[in-house]
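To keep things clear, I will list the structure first and then write my remarks on it.
Please read all numbers here as calculations on a predicted model, not as lab measurements. A, B, ... follow the sequence lines: proteins, then strands. Residue 1 opens every chain.
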Amino acid sequence: MRLKLTTWNVNSVRIRGQLLRRIAAEINPDVLCLQETKVEDGLFPMALFHELGFNHAYIHGQRAYHGVAVLSKLPLEAPRAHKWCNVDDCRHAVVELPGGIEVHNLYVPAGGDVPDPEVNRKFKHKLDMLEALTGFYGAREGDGKKMILVGDLNIAPLETDVWSHKQLLDVVSHTPVETDGLKRLQAAYGFVDAMRAIVPPEERLYTWWSYRNRDWAASNRGRRLDHVWLSPALAPALRGMEVKREARGWEQPSDHVPVTIELEV
DNA sequence: ATGGTTGACTCTCAA
């Protein structure tokens, strides 16, 4: 069967109802992974997702900040959450789809403004979580599992993942310590970058454009902060990938756009 | 070098 999975940093699930309807209508994913839901579980707008046909859900949220959720038209099994770095943030949810496909939905800390872990605890937290994830997935290398890892990793690893490699080398999200760290995490398990398997690394590809811009489309100062990785066992199933760039121009948008993959499983 | 905008929520923080 064809499996369509969309990941989106929604930046508040409660004010994005109309756009979620539009995504359900235009993309029609089987599984929707959200980040930055910004709401505790008791206030999550579950009725909307039921109306849209997502009758299975694992929500892992907190008040005002962070929060991840997996909405699905297929049954979900073995839901679990991970805490990292002894912080209580809701940043990592895992579920299993029929056929034993693990879905890992991640929201890595943005990291603040100053790219120095000595003076910026948010940047230190970002690097620490990257290292923790590298240990976690590295310990599983070679386990042969079918796995999809998605989310807002808040790092643009390639030169073509940012509007200006040179100008962003000292900007949090594209500093060498972050891009090296992300590549180490990817290599620790042998994840395949599904987006770059479809769009060659020579081509520019963005998923985020700052709100702090008069005209996001004209200036096009984007970054690829959102990612879809596949385990070696699942990589051969990849059939397609789409970045819904136009969603950045919809009314009351998130600053991130949805990324969708299609698999033959 | 700075400021620009958005969202949740409190009189500000995080992104």
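Of the listed nucleotides (B:dA15, B:dA8, B:dC9), B:dC9 has the atom at the smallest distance from the side chain of A:Arg63. Nearest to the side chain of A:Arg212, among B:dG7, B:dC9, B:dA15, sits B:dA15. Taking only side-chain atoms of A:Tyr211, from C-beta outward, the nucleotide of B:dT10, B:dT6, B:dA14 with the closest atom is B:dT6.
B:dG4 atom C1' lies 19 Å from atom CH2 of A:Trp209, rounded to whole Å. Between the C1' atom of B:dT2 and the CG atom of A:Asn213 lies a distance of 14 Å, rounded to the nearest Å. Put simply, CD on A:Gln62 is 14 Å from C1' on B:dA15, counting in whole angstrom units. For the pair A:Trp208 CH2 and B:dT6 P, the interatomic distance rounds to 13 Å; values are reported in whole Å. Rounded to an integer number of Å, the gap from CG of A:Asp113 to P of B:dG4 is 15 Å. Per the geometry, NE2 belonging to A:His66 stands 8 Å off C1' belonging to B:dA14, to the nearest Å. The CD atom of A:Gln252 sits 9 Å away from the P atom of B:dA8 (whole-angstrom rounding). If you take CD of A:Gln35 and P of B:dA15, they are 14 Å apart, rounded to a whole angstrom.
Within the 4.0 Å cut-off from OP1 or OP2 of B:dC9, at least one side-chain nitrogen or oxygen of A:Arg14 is found. Taking side-chain N and O atoms only, A:Arg16 has no distance below 4.0 Å to OP1 or OP2 of B:dA8.
Spacing between B:dT2 and B:dT6 at atom P, rounded to whole Å, works out to 23 Å. Of the C1' atoms belonging to B:dA1 and B:dT12, the separation is 24 Å, rounded to the nearest Å. Using P as the reference atom, B:dG3 and B:dC9 are 27 Å apart when rounded to the nearest Å.
A:His227 pairs in a side chain to side chain contact (heavy atoms under 4.5 Å, CB included) with only one of the listed residues (A:Leu182, A:Leu149, A:Val108, A:Thr7), which is A:Leu182. The residue from A:Lys145, A:Met147, A:Lys146, A:Glu96 that alone fulfils the side chain to side chain contact (heavy atoms under 4.5 Å, CB included) condition with A:Ile101 is A:Lys146.
Between A:Tyr211 and A:Trp216, the ring centre distance reaches or exceeds 6.0 Å.
Taking the nucleotide of DNA chain B with the nearest heavy atom to each of A:Ala64 and A:Lys122, the more 5' of the two is matched to A:Ala64. Comparing A:Ser12 and A:Tyr107, the nucleotide of DNA chain B nearest to each residue sits closer to the 5' end for A:Ser12.
Using a 4.0 Å cut-off between charged side-chain N and carboxylate O, A:Glu26 and A:Arg21 make no salt bridge.
Contact record, A:Phe54 with A:His50: O-CD2, 3.4 Å, taken as the closest heavy-atom pair.
Within the nucleic acid shown, A:Arg121 comes within 4.0 Å of sugar-phosphate atoms alone, with no base atom in reach, counting heavy atoms only.
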